[in-house]
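Report on the following structure.
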Amino acid sequence: MRIYIAAKLSDRMRLRAIREELFKLGHECVSTWLDEVAKPEAMDMRTFLRKLAVKDLTEIRAADLLILDTLSPLSAGGGGGREFEVGFAIGQWHHKDVWRVGPGNNAFHELVDRAFATWDDCLSALRTGDRA
């Protein structure tokens, strides 16, 4: 299964270990943002950010499952990309499952198909094939 992880950019180091666990379970993690590169010197910031956004949305569309990680709270005045990503995935009703790891922080987080307190719980469901 192709899986996209939506989370805070600052959590990418922690989530690389999760990506490895997904791989061991036979899944493909399509979240290339986990290994994001620096902006090319010759490219302006707006163009760079637009390219990243299009890439991420393309990866979400290609995924079978999006897993939203809410274990780290959003900071005031920053971030929020994961919220857009989960909204984009939920907007594709019936085309992909959406799961959450961590607390629901708003009404839209309750629209997920499954919710888990920890990544261990989520990985256990994937290990057993429990997608209900």
From CG (L111) to CZ (R100), nearest 0.5 Å: 10.0 Å
Minimal non-hydrogen separation, W119 against L15, with atom names: NE1-CD2, 3.8 Å
Connected via hydrophobic side-chain network under 4.5 Å: L57 and L9: yes
Nearest-0.5 Å distance that lies between atom CD1 in I90 and atom CG in D113: 8.0 Å
Under 3.5 Å donor-acceptor, S124 side chain and D120 backbone: no
Side-chain donor/acceptor of T70 to backbone N/O of P103, under 3.5 Å: yes
Donor-acceptor under 3.5 Å (K39 side chain, D44 main chain): no
CH2-CG distance between W99 and L126, expressed to the nearest 0.5 angstrom: 4.0 Å
Contact summary for L65 and M1, nearest pair of heavy atoms: CB-SD, 3.9 Å
Atom pair CG/OH of D56 and Y4 - distance to nearest 0.5 Å: 3.5 Å
Of L68, L22, L66, the residue whose pairing with I5 passes side chain to side chain contact (heavy atoms under 4.5 Å, CB included): L22
Common cluster, F84/F108, ILVMFWY with side-chain heavy-atom separation under 4.5 Å: yes
D69 side chain reached by R14 side chain, heavy atoms, under 4.5 Å: yes
Distance (rounded to the nearest 0.5 Å) between E28 CD and D64 CG: 9.0 Å
M13 with L34, same ILVMFWY side-chain cluster at under 4.5 Å: no
Heavy-atom closest pair, residues R12 and W33: CB-CZ3, 3.6 Å
K55 atom NZ, neighbour heavy-atom count above 12 within 6.0 Å: yes
Pairwise side-chain contact, I60 with K96, heavy-atom cut-off 4.5 Å (strictly under): yes
Within 6.0 angstrom of R127 CZ, more than 12 heavy atoms from elsewhere: yes
For I3 against A63, the heavy-atom pair lying closest together: C-CB, 4.4 Å
Side chain proximity check, E83 to N106, heavy atoms < 4.5 angstrom: yes
Closest approach of R114 to A125 (non-hydrogen atoms, all atoms of both residues): NH1-CB, 4.0 Å
Over all atoms of both residues, closest heavy-atom pair of R82 and A6: CB-C, 4.0 Å
F48 atom CZ, neighbour heavy-atom count above 12 within 6.0 Å: yes
Whether E59 side chain and T32 backbone form a donor-acceptor pair below 3.5 Å: yes
Reference residue V30; test side chain to side chain contact (heavy atoms under 4.5 Å, CB included); the match among R19, R2, R61: R2
Between CD on residue E85 and CZ on residue F88, distance to nearest 0.5 Å: 10.0 Å
